[in-house]
Amino acid sequence: MRNIYDEHLEFLNDCTAEELDPLLDALLDKDRKGRISSELETTDDYKRYAPDHTQYTAEIVREIQKYGGNTLANIFRGGEGVPYKEVLCDVCDQLDVNFNNRQSVRMIEEALLAKVLTQMWDEMTMAERTAVLEDAGYSTHNVGGITSAAIVAAFRMGGFESYKLTLIVVNAVWKILFGRGLAFAGNRLICQFLKILAGPVGWIITGVWTAVDVAAPAMRVTVPAAIYIAGLRRLKNDKAALAQLQKA
């Protein structure tokens with residue numbers, strides 16, 4: 001399958017192997033044995049350099065594009081890859097995200113993360129909401145009066161607290177879907193939240209996962225991949241927040 005130049009995934013070339021590693025959970029599986037339809041683990045560069053994922057980012061991009069081309073909406077492409085933005089839009093359609101495909105990739109990704117955050121917040125207990133606010137650095141006064149709309153508004157504002165909310169959302173998804181959280185810097189900030197992550201939050205994500213699997217098996221790859229890429233781009237772009245986090 002040919003590689004499609006993808007400006008929206010160029011930033012992966014500037015990521016560390018540690019930052020790229022969670023994508024391998026989505027593309028292969030958490031045991032790195034490869035899915036039936038995966039090709040990444042058969043490439044020469046993967047065999048030669050793994051786990052130094054920085055040596056084969058082109059193959060990682062190709063794999064993401066390939067799975068996007070195998071979703072239900074694109075099945076007649078015969079497995080040909082599609083640009084990341086099309087992958088992202090397919091995922092957002094599947095998860096009923098409020099977006100416009102004429103928006104920028106960053107705006108669509110923000111809408112995707114906001115959707116996941118909304119679903120999680122609505123299903124959390126008061127103890128879980130309190131832990132999230134504490135970990136993100138917000139006041140826990142009147143937790144019961146904070147709606148999902150208010151927490152999403154705070155998330156969209158940017159800054160250090162929003163940065164930590166992004167970590168919390170993506171880390172929680174990874175913990176539930178793959179049994180482990182993110183390993184790179186900042187993970188220590190959300191350990192408390194993960195310890196008390198209870199049934200309802202897990203059920204809402206598992207419910208989405210089941211719906212995705214029914215829609216198209218490739219969505220089991222593209223949904224977590226898009227969520228992670230969206231979070232990673234947000235984290236990489238906020239250099240001021242990253243610097244503050246590293247000093248924490």
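Quick caveat: nothing in here was measured; it's all calculated off a predicted structure.
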For [Y], is there any backbone N or O sitting under 3.5 Å from a side-chain donor or acceptor partner on [X]?
X      : Y      : value
Glu19  : Thr16  : yes
Glu63  : Ile60  : no
Ser38  : Leu40  : no
Gln103 : Asn100 : yes
Asp21  : Ala17  : no
Arg62  : Gly81  : no
Lys85  : Asn101 : yes
Arg129 : Trp121 : yes

- Tell me, with the steps shown, if Gln65 and Glu86 meet side-chain contact (heavy atoms from CB on, under 4.5 Å). CA-CA 9 Å; Gln65 293 172 338; Glu86 189 166 336; over 6 Å; no

pair [X]-[Y]: side-chain heavy atoms closer than 4.5 Å:
X      : Y      : result
Val152 : Arg156 : yes
Cys15  : Lys236 : yes
Leu113 : Leu165 : no
Arg106 : Glu110 : no
Asn13  : Glu10  : yes
Ile64  : Leu27  : yes

If you look at every heavy atom in [X] and [Y], which pair is closest and at what distance?
X      : Y      : answer
Cys92  : Ile108 : SG-CG2, 3.7 Å
Val132 : Met124 : CG2-CE, 3.8 Å
Leu177 : Pro224 : CD1-CB, 4.3 Å
Gly68  : Val87  : CA-CG2, 3.6 Å
Ile227 : Val170 : O-CG2, 4.1 Å
Asp45  : Arg48  : OD1-NH1, 3.0 Å

What distance separates [X] [atom1] from [Y] [atom2], expressed to the nearest 0.5 Å?
X      : Y      : atom1 : atom2 : result
Leu23  : Leu232 : CG    : CG    : 7.0 Å
Leu28  : Glu39  : CG    : CD    : 11.5 Å
Thr140 : Met126 : OG1   : CE    : 12.0 Å
Met120 : Ser148 : CE    : OG    : 12.5 Å
Thr166 : Asn171 : OG1   : CG    : 12.0 Å
Ile229 : Leu88  : CD1   : CG    : 8.5 Å

Sequence neighbours excluded, which residues qualify as side-chain hydrogen bond (donor to acceptor under 3.5 Å, both in side chains) partners of [X]?
X      : result
Ser162 : Arg234
Asp25  : Arg32, Trp174, Arg180
Tyr84  : Glu109
Thr54  : Asp52

- Message: For Tyr56 and Val61: C-alpha separation, side-chain torsions, deciding distance, then whether side-chain contact (heavy atoms from CB on, under 4.5 Å) applies.
- Response: CA-CA 9 Å; Tyr56 42 87; Val61 168; over 6 Å; no

- Item | Lys47 charged N/C atom sitting above Tyr49 aromatic ring, 6.0 Å / 45° |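 Here Lys47 fails the 6.0 Å and 45° test against Tyr49.
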
- Query: Under 4.5 Å between side-chain heavy atoms, hopping through other hydrophobics if needed: is there a path connecting Val116 to Met107?
  - Reply: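 Cluster IDs for Val116 and Met107 differ.
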
- Query: Hey, mind stepping through Leu133 and Ile151 against side-chain contact (heavy atoms from CB on, under 4.5 Å) and telling me if it holds?
  - Reply: CA-CA 9 Å; Leu133 292 174; Ile151 200 71; 3.7 Å; yes

- Task: List the steps, then state whether side-chain contact (heavy atoms from CB on, under 4.5 Å) holds for Arg233 with Phe11.
- Result: CA-CA 8 Å; Arg233 190 192 314 275; Phe11 84 102; 3.4 Å; yes

- Residue set satisfying ring-ring contact (aromatic ring centres under 6.0 Å, His included) with Phe155, at least two apart, ordered chain then number -> none

- Message: Could you work out, with ring-ring contact (aromatic ring centres under 6.0 Å, His included) as the rule, every residue matching Phe99, not counting sequence neighbours?
- Response: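 Applying ring-ring contact (aromatic ring centres under 6.0 Å, His included) to Phe99 gives none.
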
